[in-house]
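For reference, the structure is listed below as C-alpha cells.
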Amino acid sequence: IKLRIEELRSLMQPGDQIANEYLTEMGEEVDRLTFLASGLLMLAASESGVAFEDLPAAEAIEQAVGRLRPLAKQSGVAVEVVENAHARVRAAVGAFEEVIFNILDNAVKYSPRGGVVDVRSEVDDSFLQVVVGDRGSGLSDEEAEHVFEPFFRARRLRGVGGSGLGLTICARLCEVSGATIALRPREGGGTEADVRWPLAENGG
C-alpha cells in the first residue's frame, strides 16, 4: 500500500492540494498500522520459546540513545547518559535492546521542548538497574496501575503517536527474561521508568 501511495504521488498533478493531503493521511495510517502489526508480532513472539544471550548492556544503551537522538533533536529534547555501568546482562534475544529503546522513545516523545531525558544504570546485587527519567506531565497513580495493559492510553499520551502496545511489550519481554519494569513519579515532576535486569553469570 505504501508503494502504491508513493506511485500515485509521483503521478499527481502539481498543485493538487486535496489529493496530496489524502495521500499524506493514507501514508501516516499505513505507518501506524505497520507499527501496530510489528508490536503484535513481537508480543506474540514473546509468548513462545525464545533463545537467550549475554550482551554488554552499556553498548546496547548507547546504541538506543544514538537511535533516539534525531527524534530528540527534532523535538528539542536533550538526552543525557548520566551513568552507564559496564556490565553484561542475560536476556531473550533482542529483548533488552527493545525495552531500553521503547522507554527512551516514550520519555523523549512526552517531554516538553527544552526538556532533558536522563539515563543512568548501575549494578545492584545480581541485577543491572536502568532508570530513564523525563520532565513531562507525569502519570497519575491510577494511570500507573494500568499503563502496562494492552492499548491503554494514559492522559499524558493522548495526542501522541503510538499503538498503546509499547509498554505492554516491554513488560512481557522483561517477564520472559526474568527482569522487572515499573513507572513511578519523578521527584520534581515527570516520570521515571525503572528496569531491573538479571546480570549474566559473568556479569562484569
Side-chain angles (χ1 to χ4, degrees), residues 20-21 24-25 27-32 34-36 38-39 56-87 96-124 128-149 151-171 173-174 179-197:
N20 185 57
E21 289 178 2
T24 298
E25 290 175 4
E28 290 174 350
E29 185 66 9
V30 170
D31 289 339
R32 188 187 70 80
T34 300
F35 184 83
L36 176 61
S38 298
E59 292 180 17
I61 292 171
E62 289 287 358
Q63 288 173 5
V65 170
R67 288 169 61 193
L68 259 299
R69 286 202 189 281
L71 172 64
K73 183 176 181 180
Q74 181 181 355
S75 304
V77 177
V79 181
E80 297 180 357
V81 180
V82 181
E83 299 176 49
N84 202 357
H86 290 273
F96 182 80
E97 300 96 311
E98 183 67 19
V99 169
I100 299 304
F101 179 81
N102 239 312
I103 59 177
L104 274 169
D105 185 50
N106 278 349
V108 169
K109 284 180 178 177
Y110 310 130
S111 290
R113 180 167 291 275
V116 178
V117 171
D118 56 65
V119 187
R120 63 183 187 275
S121 64
E122 61 181 2
V123 174
D124 182 13
L128 178 73
Q129 183 181 31
V130 183
V131 178
V132 175
D134 66 57
R135 293 294 186 187
S137 58
L139 294 168
S140 68
D141 291 339
E142 182 180 358
E143 288 169 337
E145 291 180 7
H146 298 285
V147 75
F148 294 107
E149 296 174 4
F151 306 110
F152 178 77
R153 304 290 289 166
R155 167 182 50 80
R156 75 168 190 155
L157 312 185
R158 297 185 185 120
V160 179
S163 65
L165 275 177
L167 289 175
T168 303
I169 293 169
C170 285
L173 292 177
C174 284
T180 61
I181 181 172
L183 266 61
R184 60 172 180 253
R186 179 178 182 175
E187 187 177 349
T191 303
E192 284 187 336
D194 189 336
V195 176
R196 289 175 58 84
W197 208 283

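- The two atoms that bring V123 and A85 nearest to each other are N-CB, 4.2 Å, heavy atoms only.
- In this structure the side chain of D105 reaches within 4.5 angstrom of the side chain of L68, judged on heavy atoms.
- To the nearest 0.5 Å, atom CG of residue N84 and atom CD of residue E122 are 11.5 Å apart.
- Between W197 and V99, some side-chain heavy-atom pair lies under the 4.5 Å cut-off.
- The shortest heavy-atom contact between R196 and Q129 is CG-CG, 4.3 Å.
- Contacts of R135 classified as side chain to side chain contact (heavy atoms under 4.5 Å, CB included), with partners at least two apart in sequence or in another chain: R186.
- Around CD of Q74, the count of heavy atoms belonging to other residues, nucleotides or ligands within 6.0 Å does not exceed 12.
- Among residues two or more places apart in sequence or in another chain, the salt bridge (Lys or Arg N to Asp or Glu O under 4.0 Å) test is passed with E192 by R120, R184.
- Rounding to the nearest 0.5 Å places CD1 of I100 at 8.5 Å from OG of S121.
- For I181 against A171, the heavy-atom pair with the smallest separation is CG2-CA, 3.9 Å.
- With hydrogens and angles disregarded, a donor-acceptor distance shorter than 3.5 Å links the side chain of D134 to the backbone of T191.
- When side chains are defined from C-beta on, L104 counts as touching V65, because their heavy atoms get closer than 4.5 Å.
- Across all non-hydrogen atoms, the minimal contact from L71 to K109 is CD2-CG, 4.2 Å.
- Taking NE2 of H86 as the start and CG of L128 as the end, the distance is 11.0 Å to the nearest 0.5 Å.
- How far CG of L167 is from CG of N106: 5.0 Å, rounded to the nearest 0.5 Å.
- The only member of L183, V108, V195, D194 that meets side chain to side chain contact (heavy atoms under 4.5 Å, CB included) when paired with I103 is V195.
- For the residue pair P112 and G136, the shortest heavy atom distance occurs at CD-CA, 4.0 Å.
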